[in-house]
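A quick write-up on the structure given underneath.
Letters A, B, ... mirror the listed sequences (proteins, then strands); counts begin at 1. All figures in this text were calculated on a predicted structure; none of them were measured in a lab.
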There are 2 protein chains.
Amino acid sequence: MPADGFALCPVRDILDRVGDKWSLLCILYLGSTDRLRFNELRHSIMGISQRMLTVTLRSLENDGLVRRTVYAEVPPRVEYCLTALGQSLLGAVIELGNWAKDHAPVIAEARQRVVAPPAATAGQV
Amino acid sequence: MPADGFALCPVRDILDRVGDKWSLLCILYLGSTDRLRFNELRHSIMGISQRMLTVTLRSLENDGLVRRTVYAEVPPRVEYCLTALGQSLLGAVIELGNWAKDHAPVIAEARQRVVAPPAATAGQV
DNA sequence: CTGAATCCTGAAAGATACTG
DNA sequence: CAGTATCTTTCAGGATTCAG
């Protein structure tokens with residue numbers, strides 16, 4: 001692991017954080033409403049485990065993208081929402097999401113082409 | 001807005017592919033020029049291993065985002081460039097990259113705040 | 001209800017060496 | 001130059017359990 005000091009480090013850094021399995025999903029869902037409770041979010045992002053939701057939310061909170069509000073009630077209630085910083089990221093995420101939705105079939109097609117290449121083509125690389 | 005988890009599946013799928021450690025960097029660098037040879041790219045993305053560059057480029061190629069052109073010369077020459085599909089993604093990636101660059105200091109600051117929380121804040125959680 | 005703490009596994013990624 | 005082939009290590013993420 002080299003001590004790197006090049007210009008794209010911040011990009012790498014952010015993408016590492018935001019490019020994990022659940023962060024962008026959390027941001028997308030949190031961005032679609034005002035705020036969500038823990039289990040609301042957990043139910044929205046089907047497939048996420050309780051642990052990963054906690055870990056992801058902590059991570060986003062630590063980066064200042066998500067605000068966590070604890071209500072001193074019983075039973076406990078905790079609500080999450082995007083911070084201004086998180087909202088500023090939301091645009092790019094949504095754009096990425098739209099791209100993904102728009103081009104999903106094309107990509108699926110490209111992948112098919114890999115597993116099932118044309119058999120009759122001769123010579124051509 | 002989302003409500004239905006299935007709509008976000010393609011997003012998950014794309015983000016999984018594009019959200020790995022090197023793909024977006026490759027797209028960014030390939031998008032910044034017409035085309036790049038293997039070692040040019042490798043030199044640009046400092047820190048990437050030769051293996052991971054190969055793996056990443058294959059992955060992008062399989063998804064139809066990158067075109068690989070082999071010249072039957074000696075010594076071998078292979079050039080990579082974005083396809084139209086790849087270029088269509090470039091916009092969102094650049095926007096994400098710009099966001100990362102713009103907000104890197106704020107995020108760094110937020111992270112600092114986590115490791116060194118204010119001791120005197122009383123009352124509100 | 002919300003979350004912390006452990007344990008565990010598969011996949012990702014790095015290092016290295018070899019090849020056309 | 002541009003890979004491929006292995007080997008090893010790391011670690012994200014799932015399951016489970018405990019706690020406030």
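Atom NZ in A/Lys21 sits about 10 Å away from atom P in C/dA12, given to the nearest Å. The CG atom of B/Leu41 sits 12 Å away from the C1' atom of D/dA2 (whole-angstrom rounding). Straight-line distance from the CG atom of A/Asp20 to the P atom of C/dA12: 15 Å, rounded to whole Å. Residue B/Glu79 contributes atom CD, which lies 14 Å from atom P of D/dC1 at whole-angstrom precision. Atoms CE (A/Met52) and C1' (D/dA12) sit 6 Å apart, rounded to a whole Å.
Listed nucleotides: C/dT2, C/dA4, D/dG3. Nearest to the side chain of A/Arg58: C/dA4. For A/Phe38, the listed nucleotide lying nearest its side chain is C/dT2; candidates were D/dG14, D/dG3, C/dT2. Nearest nucleotide to the side chain of A/Pro76, out of C/dG3, D/dG14, C/dC1: C/dC1. Nearest nucleotide to the side chain of A/Trp22, out of D/dG14, D/dT4, D/dA2: D/dG14. Here the side chain of A/Gln50 is nearest to one of C/dT2, D/dG3, D/dT16, namely D/dT16.
For B/Arg68, a side-chain nitrogen or oxygen approaches OP1 or OP2 of D/dG3 to under 4.0 Å. Contact check, B/Arg77 against D/dA2: no side-chain N or O comes under 4.0 Å of OP1 or OP2. OP1 or OP2 of C/dG3 sits under 4.0 Å from a side-chain N or O of A/Tyr80. Checking the phosphate oxygens (OP1, OP2) of C/dG3, no side-chain nitrogen or oxygen of A/Arg42 falls inside 4.0 Å. Of the side-chain N and O atoms in B/Arg51, none sit less than 4.0 angstrom from OP1 or OP2 of C/dA17.
Residues A/Val55 and A/Trp22 are not in side-chain contact: their nearest non-hydrogen atoms beyond the backbone lie 4.5 Å or more apart. Residues A/Arg68 and A/Arg58 meet the side-chain proximity criterion, which asks for heavy atoms closer than 4.5 Å. Inter-residue side-chain proximity for A/Trp99 and B/Leu90 is flagged as unmet; no heavy-atom pair is nearer than 4.5 Å.
Pairing each heavy atom of B/Gly64 with each of A/Ala110, the nearest pair is N-CB, 3.9 Å.
Under the 4.5 Å side-chain contact rule for hydrophobic residues, B/Val66 and B/Val70 share a cluster.
A heavy atom lying under 4.0 Å from DNA chain D marks none of the residues of residues 60-67 of chain A.
Taking five base pairs at each end of the helix from C/dC1-D/dG20 to C/dG20-D/dC1 and finding the rotation axis that steps the C1' atoms of four pairs onto the next four gives two axes whose angle is 50°, to the nearest 10°.
More than 12 heavy-atom neighbours from other residues, nucleotides or ligands sit within 6.0 angstrom of CZ on A/Arg77.
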